[in-house]
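This is the structure I have questions about; it appears just below.
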Amino acid sequence: MWCVELLLPLLLIIKDASCQWNVWVPRDISAMTNSCVVIPCTFMYPSGIRPYRGIHGIWYFGQPYPQLFPPVVYKSRTDIVHESYKGRTKLLGDLHQRNCTLLISNIGTEHSGRYYFRADLGGANIYTYPDFSELKVLDQPSIDVPEEIVSDESLELTCYAPDNCPDMTPEIQWMYTDYLPDPEFTSDYVEESNTAVLSSTLTFTPRPMHNGQLLGCRVYFPNTTLVYERLISLDIKYAPRSVWVNVSSEVMEGSSVTLHCEVDSNPAPRISWMFGDQELLWDTASNSSLSLDDVTPAQEGVYTCVGDNGYGIMNTSMYLAVKYPPREPVVNSSLTVLEGSSLSLHCSTQGSPAPTLTWLKDGELVGTITAEELSVLEIAAITPQGDGQYRCLAENEHGRASSSLNITVEYAPVFLEESKCTVVREGVQCVCMATGNPEPTIEFYLPDLNITINETDGRYNYYTHTDGHTSTGMIKLREKGDRAGDGVPAVNVHCSITNMYGTESVLLELQQEKKYMMAVIVGTIGGVAVIAFIIAAVRYVGHNNKKENGNPGQDLVSKLENPALYYSAIKKDKQNLRKKVLKTELLGSKFNSILEETTGEDGDFQPVGTLAELEKQELNYAALEFIGARPREGASGRGDDGSDYIEIKAK
């Protein structure tokens with residue numbers, strides 16, 4: 001009705017006789033389902049036309065041309081209308097006042113469309129206006145949502161409800177706003193093109209956490225059961241706010257590893273995996289994985305995941321540690337240095353975790369143990385004892401490796417304390433020992449002759465030997481020479497040692513050989529002991545003979561009377577003596593052997609004599625008579641009693 005009141009002044013103003021067929025209706029109009037709608041309408045016709053039998057009007061739906069038989073919405077002449085409009089339409093305007101406003105009640109979505117008005121002035125003065133009003137029947141309110149909602153920027157959302165039904169006034173209420181930060185609500189009433197719209201605006205500042213949240217607008221008509229709702233999901237654009245990657249990890253050399261990256265942003269970002277300045281992989285997604293196979297130490301380092309969606313950029317890095325056993329250490333080349341030089345031995349290697357480096361010399365620890373990839377062993381004023389093999393050992397929990405170098409220390413020759421002359425059985429033996437690098441040459445000097453390694457002399461046994469850096473020279477003087485006041489031979493032997501770094505000479509001192517003197521003493525004592533033993537053995541044999549033969553005087557007479565018996569007795573006694581002396585001789589030989597092993601040289605004493613020598617000492621002459629013996633030439637004869645005899649002599 002309020003629309004009609006607005007149009008009446010316009011109708012009164014139009015009086016021009018030249019006006020043509022015109023109509024004014026809202027181009028667009030809307031209403032909620034099951035409610036009503038009023039379509040304001042004012043029409044004009046030429047002033048020269050006089051209505052015949054009054055003014056009538058018809059509302060069509062969809063088409064303005066009757067010949068196409070469009071559905072009749074309302075007809076003033078009759079109540080014949082389309083089935084879907086029966087009892088729903090009513091003309092609110094006065095056609096004679098050129099007001100054609102239409103009311104449609106209890107509308108549904110099927111009533112949405114274009115509505116055309118046709119004026120019938122009688123006779124041939126019937127005209128369908130081409131202008132139309134398009135009705136939109138809504139089953140839910142409309143919400144005005146910006147095309148782009150950006151996080152942290154103020155947002156306004158407006159909910160609209162049409163107010164084109166004079167019998168009902170709508171109200172608007174927002175839903176699910178409790179989680180919003182400081183929401184604000186404002187209402188407005190808008191009239192445009194003879195239609196009215198009620199609106200409610202919600203204002204707040206969205207955050208990334210609000211992305212995907214639901215908001216709702218409810219429209220209802222008080223005192224009715226008509227309620228309409230509309231829900232929307234917030235699509236909030238925000239820059240990447242978090243980039244998640246694996247925590248820094250450790251892998252063994254040769255293994256495989258997968259690095260994961262997830263980016264929280266809207267819209268989905270472009271994810272790039274970077275290793276240094278090199279881009280390894282990219283993809284437009286919310287997550288991306290980078291796979292590394294057969295990992296090498298060269299792939300150890302910082303890996304960065306970068307997320308960029310146009311609203312911002314963010315990255316997160318992780319460290320990939322590749323564990324592996326120590327590599328073979330790199331050390332100095334083998335060196336030859338002069339005694340007193342200072343050295344710096346370097347050892348470097350690689351390993352993960354960092355290996356410990358240990359310097360060893362000939363298997364013994366030298367220097368300190370370091371837990372770095374470089375170790376320097378400082379040697380100040382190196383001595384000959386520093387000569388040898390130096391090994392750098394690298395160790396970590398995954399293995400060990402080592403490298404070696406040799407250091408050769410060259411130095412001037414030095415005499416050893418073993419250099420001296422000693423008295424031996426053959427004469428005097430002189431030994432000269434020296435160490436040096438290069439090995440020193442040894443020369444002996446006598447007052448009358450210079451002995452070198454290439455010289456020979458029949459009086460000297462020259463001997464030389466080299467063992468490592470030690471040289472030994474030896475000569476034997478077969479003539480003991482003059483004797484000093486204490487009976488010690490007088491010798492004058494000089495030894496000279498030479499290498500490229502120097503020459504040294506020394507007079508060799510004469511020392512009594514302790515082993516030789518010991519041999520003389522032991523030999524003398526041993527000889528006396530053996531002789532004493534032999535004498536005791538002989539006395540023992542003689543004592544036994546007395547016991548066996550009874551009276552020695554009578555035995556002698558009887559033996560002289562019976563030469564054969566006497567010989568037998570002597571023979572028997574000598575056989576017994578031979579056995580005992582033989583045992584003594586064997587004992588003396590063993591004693592001599594032990595003594596020789598003790599002295600290491602030929603002793604001056606002699607072993608006990610042989611059995612023949614003992615017999616020679618015991619019996620120089622014996623005259624025996626053999627009965628019936630055959631004489632030999634030159635050794636036989638006849639006695640005074642006519643007996644034959646043979647002479648046996650032992651010297």
Side-chain angles (χ1 to χ4, degrees), residues 335-343 361-362 364 366 379-390 406-484 486-518 599-601:
L335 301 172
T336 299
V337 298
L338 183 62
E339 179 183 11
S341 301
S342 296
L343 303 178
K361 178 186 179 295
D362 299 329
E364 299 294 332
V366 293
I379 303 176
I382 192 168
T383 64
Q385 289 72 29
D387 189 286
Q389 183 187 70
Y390 289 76
N406 292 316
I407 294 182
T408 302
V409 181
E410 295 187 343
Y411 53 97
V414 178
F415 281 104
L416 301 181
E417 62 180 5
E418 291 84 355
S419 301
K420 60 186 175 181
C421 290
T422 56
V423 177
V424 296
R425 182 175 181 180
E426 295 82 358
V428 175
Q429 176 178 283
C430 293
V431 176
C432 185
M433 297 184 67
T435 180
N437 189 17
E439 297 84 358
T441 58
I442 298 178
E443 294 179 347
F444 290 95
Y445 293 89
L446 299 179
D448 57 349
L449 183 62
N450 180 15
I451 300 298
T452 63
I453 193 171
N454 295 323
E455 295 184 4
T456 59
D457 191 292
R459 298 176 300 166
Y460 311 108
N461 293 328
Y462 183 86
Y463 168 81
T464 185
H465 174 70
T466 299
D467 183 9
H469 298 155
T470 301
S471 296
T472 303
M474 183 178 66
I475 60 173
K476 288 185 179 180
L477 305 178
R478 295 174 184 155
E479 298 178 359
K480 297 186 178 180
D482 299 332
R483 302 228 171 220
D486 55 0
V488 178
V491 295
N492 183 17
V493 179
H494 293 260
C495 178
S496 177
I497 54 178
T498 304
N499 70 6
M500 62 186 297
Y501 296 109
T503 299
E504 293 288 338
S505 180
V506 69
L507 173 63
L508 299 180
E509 297 181 357
L510 179 63
Q511 300 179 6
Q512 291 290 339
E513 180 60 51
K514 294 181 180 180
K515 293 183 178 179
Y516 177 74
M517 296 299 296
M518 183 62 68
T599 60
E601 300 177 3

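Both backbone and side-chain heavy atoms feed into the values below; hydrogens, waters and symmetry mates do not. Note that the numbering runs from 1 along the sequence shown for the chain.
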Practice item. Please name the pair of heavy atoms, one in E339 and one in A412, separated by the smallest distance, quoted to 0.1 Å. Key: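 In this case the closest contact between E339 and A412 is OE1-N, 4.5 Å.
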
Practice item. State, yes or no, whether a side-chain contact exists between Y390 and I407 at a heavy-atom distance under 4.5 Å. Key: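 Counting from C-beta outward, Y390 and I407 do come under 4.5 Å.
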
Point to revise | Contact check, side chains of E504 and F415, non-hydrogen atoms, under 4.5 Å | key: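 Of all side-chain heavy-atom pairs linking F415 with E504, at least one is under 4.5 Å.
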
Check your understanding: Who pairs with E410 by side chain to side chain donor-acceptor pair (under 3.5 Å), at least two apart in sequence or on another chain?
Key ->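 Side chain to side chain donor-acceptor pair (under 3.5 Å) check on E410 returns Y501.
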
Review point. So, T470 side chain and T435 main chain: donor-acceptor pair closer than 3.5 Å or not?
Key: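 Side chain of T470 to backbone of T435, a donor-acceptor pair under 3.5 Å: no, none is there.
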
Review point. Closest heavy-atom contact between I442 and G473?
Key: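 Answer, listing the atom of I442 first, then G473: CD1-N, 3.5 Å.
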
Check your understanding: Just by distance, do the side chain of N499 and the backbone of Y411 share a donor-acceptor pair under 3.5 Å?
Key ->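 At least one qualifying donor-acceptor pair exists.
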
Check your understanding: How far apart are the closest heavy atoms of A381 and S342, and which atoms are they?
Key ->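 Heavy atoms of A381 and S342 come nearest at N-OG, 3.4 Å.
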
**Study point:** With sequence neighbours excluded, residues passing side-chain contact (heavy atoms from CB on, under 4.5 Å) with E439
**Key:**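 Residues passing side-chain contact (heavy atoms from CB on, under 4.5 Å) with E439: T466, H469, S471.
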
Review point. Can you name the closest pair of heavy atoms from C432 and I497 and give their distance?
Key: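 The answer is SG-CG2, 4.3 Å.
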
Exercise for review: First locate atom OG of S419, then atom CG of L507, and finally report the distance between them rounded to the nearest 0.5 Å.
Suggested key: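 Reported value, rounded in 0.5 Å steps: 12.0 Å.
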
Check your understanding: Looking at side-chain heavy atoms only, is the closest gap between V423 and L510 below 4.5 Å?
Key ->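 In short, these two side chains touch, coming nearer than 4.5 Å.
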
**Study point:** Counterpart residues, side-chain contact (heavy atoms from CB on, under 4.5 Å), relative to V366 (two or more places apart)
**Key:**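 Only W359, K361, L377 meet the side-chain contact (heavy atoms from CB on, under 4.5 Å) criterion with V366.
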
Practice item. In sequence, state the C-alpha distance, the side-chain angles, and the governing distance for T408 and N437, and then conclude on side-chain contact (heavy atoms from CB on, under 4.5 Å). Key: CA-CA 9 Å; T408 302; N437 189 17; 3.1 Å; yes

Practice item. Could you tell me the separation between the OH atom of Y445 and the NE2 atom of H494, rounded to the nearest 0.5 Å? Key: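 Between atom OH of Y445 and atom NE2 of H494 there are 11.0 Å.
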
Point to revise | SG-SG under 2.5 Å, C430 vs C495 | key: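 Their SG atoms do not fall under 2.5 Å; no disulfide, then.
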
Exercise for review: Answer yes or no: is there a donor N or O on one side and an acceptor on the other, between the side chain of D362 and the main chain of Q389, under 3.5 Å?
Suggested key: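 Between the backbone of Q389 and the side chain of D362 there is a qualifying donor-acceptor contact (under 3.5 Å).
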
Review point. Does the side-chain contact (heavy atoms from CB on, under 4.5 Å) test come out yes or no for K476 and Q429, once each step is laid out?
Key: CA-CA 4 Å; K476 288 185 179 180; Q429 176 178 283; 2.9 Å; yes

**Study point:** From L335, L338, L343, residue fulfilling side-chain contact (heavy atoms from CB on, under 4.5 Å) relative to I382
**Key:**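 So the option named by the test is L343.
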
Practice item. I would like to know whether T422 and V431 meet side-chain contact (heavy atoms from CB on, under 4.5 Å); could you show each step before the answer? Key: CA-CA 8 Å; T422 56; V431 176; over 6 Å; no

